[in-house]
Structure formats: C-alpha cells, structure tokens
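The structure displayed is predicted, hence computed values, not measured ones. Just so you know, these numbers use all the heavy atoms, side chains as well, and skip hydrogens, waters and symmetry mates.
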Amino acid sequence: MKYGVFIFFIFLCFESTAQLCQGSLGDPIVNISFGSGNNPGPPLSAASTGYQYITNDCPNDGFYTVRSNTSNCFGNTWHSLTTDHTGDANGYFMLANASIQPSAFYIDTIRGLCGNSTYEFAVWAINVIKPTSCNGSTIQPNISFTIEKTDGTILQTFNSGNIPPTNTPVWKQYGFFFTSPAAGSDIVIRMFNNASGGCGNDIAFDDITFRPCGPQLTASIAGQTNNRFDICEGSNAVFTFTCSVSAGFMNPVFQWQRRFNNGTWTDIPGANMTSYNENFIPSNAVGNYEYRLSVAEAGNLGFPQCRISSLPLTVTVNANPVAIAINNGPVCSNSMLTLTATGGSQYMWTGPNGFSATTAVANIYNFQPGQAGTYMVAVTSAAGCSSTAVTTVALKPSPVAVVPFTDTAICLKDSIQLSASGGGTYEWFPAAALSANNIFNPLASPVVDSRYGVAVTSTNGCSDTAYIHVKVYSKAIANAGPDKTILSGGSVVLSGSILGAYANFLWSPATNINNTGSLQPIVNPFADTAYILTVQSRGGCGISTDTVQVRLFREIYIPNAFTPNNDGINDSWSIPALDAYPNFELSVFNRYGEIVFKNSKINKGWDGQYKSGPLPAGTYVFFIKLGVSGEVRKGTVVILR
C-alpha cells in the first residue's frame, strides 16, 4: 500500500515516556542523526534494513528514503515535513513505508559500552499519515525495540504501542534504559514493526541515541537563582559551582569539566569534588564559559562513555562596548550641534554648562560659545557592560551683521539706500522691492511698511542677521468737507477730515473760527468766507489743502418764477438759503391741491417736472416749514414756458 513512512526527528521540547532515564544523562555515545544536506540523503551505511532505498520523497510499501523534507505525498494524504525534528531545514530523517508483512526494519550494532552501566536508548518518531486518510481507518505503526547481546541474548525490550495519526505533525520520543553486562560488551539494537502493511503504517524516525544514565545531578552557581551569570570584560569575579548527586551509583567519583564557546569538554585537573571554585580575572577572553560535573562509578571515570553529566552552568564574559562619540562641529554660534554616539543600547551624555542627555543622538539648538568644549558619553550594552568616549566641540568665529539704522521712514514712491557690513556675502530678505538681494547696499522701494533682514556670511560659513524696519508714509489728503450755509448771526460746524498719516493741520483764515486746530471747528463769519484746511504729511511727504465755502444769507430769498426750457438760464427753482435750515420741509401744490414737488432736509432745485413729465405754465403754491420754532414761509411761484 502507498501509505507507510518512518522518520527520525529531534524535537527541542521532547515528550518522554515512563521508560526514559529519570536521572542525569551523559554525552551520547551514539547519535544516529542521518546527517544533513541537500535532498536526497545517502542510504543507511552501518545499520541493516530489509527495506529498499529510493531517492524520491514518497516511498512505496517496503521502501525507505533519507530526506530533509517531504511534500504532498500520495495525494496529500501524508503530512508534509519541512525540517527534521530539531527544526533544521537541512537535517535528514529516515522516511519509510512499511512492508506488507511485519518485520525488523532496523538493526544496528553498538560498540564500546562500559560494563555494569545503565544506558538510555531513545528515538524520535512520527506517524506521517493524516487521520482522514484511508477513510479514517489507517493502520497504526507498532514498534518493538530490543537490546540484545551479539549472541542474541535479550537484555531489555520495549514496545511503543500503537502510534496514532495526528492532525498536525507531532514528533514523540520513545525509549527505555537497560544495564550492560558486567564485563561490558557490544550490543545489538533491533526495531521491529509489528503492524502489517496496507493503508497506513507510515512512520518516520530521527536521532537514535545511546547515553549513559545515572543519578540525578543538580548543578547550581552559589548565590544565583539560575544556571547562568553575566560579567563584563575585565572583571574580577570568583564563582562557586556546586552539584548535588542523588543515590544511584555504589561508589561514585567526580570530575568537573569546562568548555569555551561550545568547544570540546575538557577535565579540570584536581576538580574532583562536588563543588569547584573558578576565578575570573581581567584577562579572561570574551565568550561563554560552561562548567558541568561528570560522575561515574569508581574505575569508570576514565571512559567518557561511562560518565553522566549535569546540565551546564554558564558564565558569559561580555565584551565591553566600543564607545564612539562624534559631533558635527566645528559649528557656528546660533546653529545646531549634533552629538552622536554608537556602540551600546543605553547612553548618558554630560558636557559643559550642565548638559546631559540619554539618547544616542543629542541635539543642542541655538549653540552658544559657552557650550563649546568636551562632551563625554557613557555607553552601556544590553548585557550591562559600559565604556566611555569623548568628543570635543569647536566653535567657529561668527560674523556680526551691522546696519547703520534699524528704523527709518520714506514717502510712498520714494526709495532708500539700505546697507550692511561685517561679512563676505550678503543676502537680503524679502527680495521684493529691492534693486538686488545679494549686495551689501541695495535700493529699497517698498509700497507698504516692510521689515528687511540681511544675512551676513563670513568665509567660514557662519552667519549673523540684522534687520531694518522701513515705514512707508502716503501723502495725507485734506478734505475740508461740504460747503456750508448760514443766516446772518448764525454759526456752523465745519466737517473736515484727513486721509492718511499726517504730522499736523491748520484752518485759515483764523477769523471767526473757534479752534483752528480742530477738524470740526465752529465758524460764524459776517460775510461769505472760504476756509482752507492745510495738512502737513508725516515724514515730510508733502502738503495738501482743501477749501470749504461758507455762504452767509441775511434773509431767505425765494424766487417767484422760473423758465424750465433747458436754455441754461433760470431753468430751475431753488432757494439757497434753505441750506441753513437742516430740518426744513418744502411742498409745492397745483391748483387742485395736489403736491407736485416735495423736498426736505437736503436742499435741491425743482425743474418743473411732475411724474416724469413737464408741468404746464401757471401759478403754483408753495409751503415751507423752516423747522425753527415752527416758522413757516408760503407763497406762489410761476412756471413760464
């Protein structure tokens, strides 16, 4: 049948059965991992099997292969495996499809065991067929493991029981322990598949190991809560390593071992007690130092295959960080200084004027001369080791931008010469209304108030800035207000105003005016008078004048006729003296009593029109309320055609 596979695979957090060693283990004296590399892996060399080797990743019944992965076997009824049991994508495992008849599919001879010693045999296995295959009724692998002498005498046997399929690939370790003969000998491992071939019985194996098994060894570093400790390069430290040994050996002997950076374990001369002191000195190289206690029965210590070992205790000598500190100097005054440190995970800066920072990159804005000098940074690595570095910040001399004045004023449409000194190059801003922005003395012709800046730059690239405020004055415009009318003995308020910025103003003549320095003075002339408002603009930007006529009427003259014939002579009826009465009301009536013209408050003439047409010649009655103590004027006016 096309559903059978055997795979060996290391799984870092393995699940053990009750038959595995419950004490401490020694280094593997045998570790059959099938190697690693590109697909396919090589056929078995030492062990014997009744199955035939193939190179593809989906063997049929009675065939096996060595692979680092499988994919979509037999219509995707098998799990696809992407690594060996350790998670190594290049690690090989053995993959087999069981033969139809139960048989021993793996036999190997293990040599060099110590006499009268306990060993653990273990192997990782997985049922690769999916539970839904074979209509949900797959044949389950069932493996018997037997340890025999070379003459066939059975020393120990163990049965895995049925290995059920799982929804996802799950590696499981199977094994047991046994005692070698007193004299020691070679032994044979035999793995027998008890299940028949067919739809299922597909299994994979990885990492067959034989390891010495003995008492439980519990090692620790004195004063520490875990089995590792970090120190920094150049440290002085003394560590005491201890190990408790449970019952199990009749006459145990001890040997501390060490290795450096996962190298070879070597015995430490004279370290034959259950505790050992190690002195770390400043010259110790950076790296991982591991220590463990090896234990064996008396007489067997000289044979590595007879020893068991504790879990390692690790002291890591961490390299001090290589602290580097740099800056972007020399820098100019008022610019930004950037300090940069590398080499660690934490940083502490100190420097002039009480400066401090805790970032790898630290910025000082608006750098000033008093901040120049030496800056130090303490660099700390993730392991807590530290070193320091310094960097010295130099200051470039900066120019001083000089302008002859900071505030000035001009008249609209005028220009002014700006100037600056103190550097090698000049840049004025804004450039609008300047004759040029890259010379020391541009001509400025602004039309509104403007603030010009000039950046003065020296040959070393440093700059300084100065500013000039130019106010722009427009010519002030005098407005004496509308003409006025008064009756003899009366007065009127002039309505003067000024548009724009001015320095001063004055009314003339000064006769019959209450205040020549007021824009709304009271005047009471004895005859028709022209009053002149004279305005002096700010900044010397010119003089403006305007005149208001004040007409004096000694009485109200009312014309009694007019000729509205558009000949330019006497075409309208007007009463100029009414300007002196701001609240007057005038009405004109025809002979039927109908109002044909009405006027109030704003004096204007009558052109003889009514309802957009000329009235006929004739006599019309007028009625005027002057608004002064109820005074009324009435009479007639004649339209002549």
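- Looking at Pro312 and Asn227, their side chains never come closer than 4.5 Å, going by heavy atoms from C-beta outward.
- The main-chain N or O of Val472 is found under 3.5 Å from a side-chain atom of Asp449 such that the two form a donor-acceptor pair.
- Between the Ser544 side chain and the Ala478 main chain, a donor and an acceptor come within less than 3.5 Å of each other.
- Within 6.0 Å of the CG atom in Asn261, the count of heavy atoms belonging to other residues, nucleotides or ligands exceeds 12.
- Using a 3.5 Å distance cut-off with no hydrogens or angles, the side chains of Gln224 and Asn226 do not pair a donor with an acceptor.
- Taking the six-membered ring for Trp and the full ring otherwise, the centers of Tyr375 and Phe355 sit less than 6.0 Å from each other.
- By the 4.5 Å heavy-atom criterion applied to side chains, Ile558 and Phe622 are counted as neighbours.
- Taking the six-membered ring where the residue is Trp, the centroids of Trp606 and Phe562 are separated by under 6.0 Å.
- Taking the six-membered ring wherever Trp is involved, the centroid distance between the rings of Phe280 and Tyr289 falls below 6.0 Å.
- Of all non-hydrogen atoms in Pro559 and Trp573, the two that sit nearest each other are O-NE1, 2.7 Å.
- Taking OH of Tyr426 as the reference point, atom OG of Ser463 lies at 12.5 Å (rounded to 0.5 Å).
- Arg551 places no side-chain N or O within donor-acceptor distance of the main-chain N or O of Asp483, the cut-off being under 3.5 Å.
- In this model, a donor atom of one side chain and an acceptor atom of the other lie less than 3.5 Å apart for Gln368 and Asn334.
- With hydrogens and angles left out, the side-chain atoms of Asn318 and Asp230 include a donor and acceptor closer than 3.5 Å.
- Between the side chain of Ser381 and the main chain of Cys385, a donor-acceptor pair closer than 3.5 Å is present.
- Counting heavy atoms from C-beta on, the side chains of Phe589 and Val596 never come closer than 4.5 Å.
- The local environment of CZ in Arg538 is sparse, with at most 12 non-hydrogen atoms from other residues, nucleotides or ligands closer than 6.0 Å.
- Heavy-atom neighbours of Lys396 NZ from other residues, nucleotides or ligands within 6.0 Å: above the threshold of 12.
- In this model, a donor atom of one side chain and an acceptor atom of the other lie less than 3.5 Å apart for Asn460 and Ser458.
- Closest heavy-atom contact between Ala360 and Tyr347: CB-CE1, 3.6 Å.
- For the residue pair Asn288/Thr314, the side-chain donor-acceptor check at 3.5 Å is not satisfied.
- The backbone N or O of Asn353 lies less than 3.5 Å from no partner atom in the side chain of Gln371, so there is not a single donor-acceptor pair.
- Looking at every heavy atom in both residues, Asp546 comes nearest to Gly481 through OD2-N, 4.2 Å.
- Considering only heavy atoms from C-beta on, Leu395 comes within 4.5 Å of Phe367 through its side chain.
- For Thr342, the side-chain contact (heavy atoms from CB on, under 4.5 Å) criterion is met by Ile324, not counting sequence neighbours.
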Assess the residue pair Leu337 and Val393 against the criterion (side-chain contact (heavy atoms from CB on, under 4.5 Å)); give the C-alpha distance rounded to whole Å, side-chain angles, the decisive distance to 0.1 Å, and a yes or no. CA-CA 9 Å; Leu337 171 69; Val393 178; 3.7 Å; yes
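- For Asn69 and Thr82, the side-chain atoms include no donor-acceptor pair closer than 3.5 Å.
- For the residue pair Arg228/Thr316, the side-chain donor-acceptor check at 3.5 Å is satisfied.
- Asn512 places no side-chain N or O within donor-acceptor distance of the main-chain N or O of Val523, the cut-off being under 3.5 Å.
- Other residues, nucleotides and ligands contribute over 12 non-hydrogen atoms within 6.0 Å of the CG atom of Asn279.
- Not a single donor-acceptor pair under 3.5 Å links the side chain of Ser537 to the backbone N or O of Lys475.
- Side-chain contact check for Ile486 versus Pro525: some heavy-atom pair is nearer than 4.5 Å.
- The two residues Asn328 and Met336 make their nearest non-hydrogen contact at ND2-O, 3.2 Å.
- For the pair Leu418/Leu443, no side-chain contact is recorded, criterion being any heavy-atom separation below 4.5 Å from C-beta on.
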Distance-only donor-acceptor pairs under 3.5 Å for side chains of residues 488-510, two or more places apart:
| residue | atom | partner | partner atom | Å |
| --- | --- | --- | --- | --- |
| Ser495 | OG | Lys484 | NZ | 3.3 |
| Trp507 | NE1 | Ser518 | O | 2.6 |

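- Closest non-hydrogen pair, Ala577 versus Leu487, comes out as CB-CD2, 4.5 Å.
- Put simply, the side chain of Thr529 gets close to the backbone of Ala527: a donor and an acceptor are under 3.5 Å apart.
- Counting non-hydrogen atoms of neighbouring residues, nucleotides and ligands closer than 6.0 angstrom, the CZ atom of Phe440 reaches no more than 12 such neighbours.
- Screening residues 596-624 for salt bridge (Lys or Arg N to Asp or Glu O under 4.0 Å) gives Glu594-Lys611 as the qualifying pairs, with residues at least two apart or on separate chains.
- Nearest heavy-atom pair, Ala420 versus Val454, reported as atom, atom and distance to 0.1 Å: CB-CG1, 3.9 Å.
- Atoms CZ and CG, on Arg633 and Leu626 in that order, are 6.0 Å from each other to the nearest 0.5 Å.
- Phe239 has its ring centre less than 6.0 Å from the ring centre of Phe229.
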